[in-house]
Engineer: 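Dropping a structure here in structure tokens format, bear with me for questions.
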Amino acid sequence: MIQIKDLHKSYKMGSNSLHVLKGINFNVEEGELVAIMGSSGSGKSTLLNILGMLDELDEGEYTLDGVPIVNLNETKAAQYRNKFLGFIFQSFNLINYKSALENVSLPLYYQKKKRKERLEKAMQYLEKVGLKEWATHLPSELSGGQKQRVAIARALAAEPKVLMADEPTGALDSKTSYEVMDLIQGINDEGKTILVVTHEKDIAHMCKRIVHLKDGIIVEDKVIDQVRASSYV
Ligand code: ADP
Ligand code: MG
């Protein structure tokens, strides 16, 4: 599903340059649930942003679902993002003045689906994350865990090939974090490929494989025995 070869990325700041990713090699197969773990500043978000076509690599090769991701203009990158990827962020990134249902249906609008289909699908995914009764509520009326569920429903609504989550539990308490991981595990059980960036060991162990990033290189990449979040919630 994902192939990365000799990936390098630097940030230029004036005459200085910060070498953040220093030769990353990593593949992800369909159906995997991979944690990208490492301490703050290790390059996790930089890597995920490149995988998510939100940023460009300097050197190396990236292939997503058989498509070489190279020299994309913003329009093309946006098209691929809509077609292939769903995003989940630490800060939820919901639109404050839109209801839960409208937030979830937004990606379907960008996919040019008709209104009726948008609302039906959005409701179906809200139900999947257990928030059908909250469809008309604004984000400000939801708890942190509920907001992240809405964001997960929104990411799923576009039926992406890969879900990419950057510290999805970073703003949540432990119990709520495990509830969100329980949901993510359930989605992966159905076959969805998921990448989870985290600096938390317990969250990483709820994935099926841990890729450990340190100072811009992969220092360890191992398949693990998955801890089920449901044993905590
Ligand atoms: P992580 O997500 O693991 O905390 P990041 O990928 O966000 O790490 O950051 C890696 C390094 O790159 C850090 O030293 C950070 O300060 C730097 N960095 C991240 N984004 C930028 C940017 N847009 N411009 C300059 N430096 C950046
Ligand atoms: Mg980060």
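Each ligand, and each atom within it, is numbered from 1 in the order the structure gives. Counting begins at 1 with the first residue of the sequence.
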Engineer: Counting non-hydrogen protein atoms only, what is the nearest one to atom 8 (O) of ligand 1? Give residue, atom name and distance.
Structural biologist: Gly43 N, 3.3 Å

Engineer: Are side-chain heavy atoms of Cys207 and Val34 found at a separation under 4.5 Å?
Structural biologist: no

Engineer: What atoms in ligand 1 come closer than 4.0 Å to a heavy atom of Thr46?
Structural biologist: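 In order of number, 5 (P), 6 (O), 9 (O).
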
Engineer: Is the backbone N or O of Pro160 less than 3.5 Å from a side-chain atom of Lys192, with the two atoms forming a donor-acceptor pair by type?
Structural biologist: yes

Engineer: Quick one about Glu159 and Tyr125 (side-chain donor to acceptor, distance below 3.5 Å, no hydrogens or angles considered), yes or no?
Structural biologist: yes

Engineer: Tell me the protein heavy atom at minimum distance from atom 19 (C) of ligand 1, and give that distance in Å.
Structural biologist: Tyr11 CE1, 3.4 Å

Engineer: Establish whether Val20 and Met164 are linked, either directly or via other cluster members, by ILVMFWY side-chain heavy-atom contacts under 4.5 Å.
Structural biologist: yes

Engineer: Would you confirm whether any non-hydrogen atom of the protein falls under 4.0 Å from atom 16 (O) of ligand 1?
Structural biologist: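 When distances to the protein are checked, atom 16 (O) of ligand 1 has no heavy atom within 4.0 Å.
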
Engineer: Which of the numbered atoms in ligand 1 are below 4.0 angstrom from a heavy atom of Leu18?
Structural biologist: 12 (O), 14 (O), 17 (C)

Engineer: Using a strict cut-off of 4.0 Å, indicate which atoms of ligand 1 neighbour a heavy atom of Val20.
Structural biologist: 10 (C), 11 (C), 12 (O)

Engineer: Would you please determine whether Gly38 falls within less than 4.0 Å of ligand 1 on a heavy-atom basis?
Structural biologist: no

Engineer: Using the ring of each side chain (for Trp, its six-membered ring), is Trp134 parallel, tilted or perpendicular to His137, with breaks at 30° and 60°?
Structural biologist: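 If you compare the ring of Trp134 with that of His137, the planes turn out tilted.
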
Engineer: Please state whether the separation between the Mg ion (ligand 2) and some N/O/S atom of Ser45 is under 2.8 Å?
Structural biologist: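 Checking Ser45: at least one N, O or S atom is under 2.8 Å.
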
Engineer: Take Leu163 and Leu156, measure what side-chain contact (heavy atoms from CB on, under 4.5 Å) needs, and give me the verdict at the end.
Structural biologist: CA-CA 8 Å; Leu163 270 189; Leu156 289 174; 4.0 Å; yes

Engineer: Yes or no on side-chain contact (heavy atoms from CB on, under 4.5 Å) for Asp182 and Tyr178, after CA distance, side-chain angles and deciding distance?
Structural biologist: CA-CA 6 Å; Asp182 185 36; Tyr178 298 149; over 6 Å; no

Engineer: Identify, by atom number and element, the atoms of ligand 1 in contact range of Ser39, meaning under 4.0 Å from any of its heavy atoms.
Structural biologist: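 Here the atoms of ligand 1 in question are 3 (O).
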
Engineer: Of the protein's non-hydrogen atoms, which lies at the shortest distance from atom 7 (O) of ligand 1, and what is that distance?
Structural biologist: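 Closest protein heavy atom to atom 7 (O) of ligand 1: Ser45 CB, 3.7 Å.
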
Engineer: Does a side-chain N-to-carboxylate-O contact under 4.0 Å join Glu190 and Lys128?
Structural biologist: yes

Engineer: Among protein heavy atoms, which sits nearest to atom 4 (O) of ligand 1, and what does the distance come to when rounded to 0.1 Å?
Structural biologist: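 For atom 4 (O) of ligand 1, the nearest protein heavy atom comes out as Gly41 N, 2.7 Å.
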
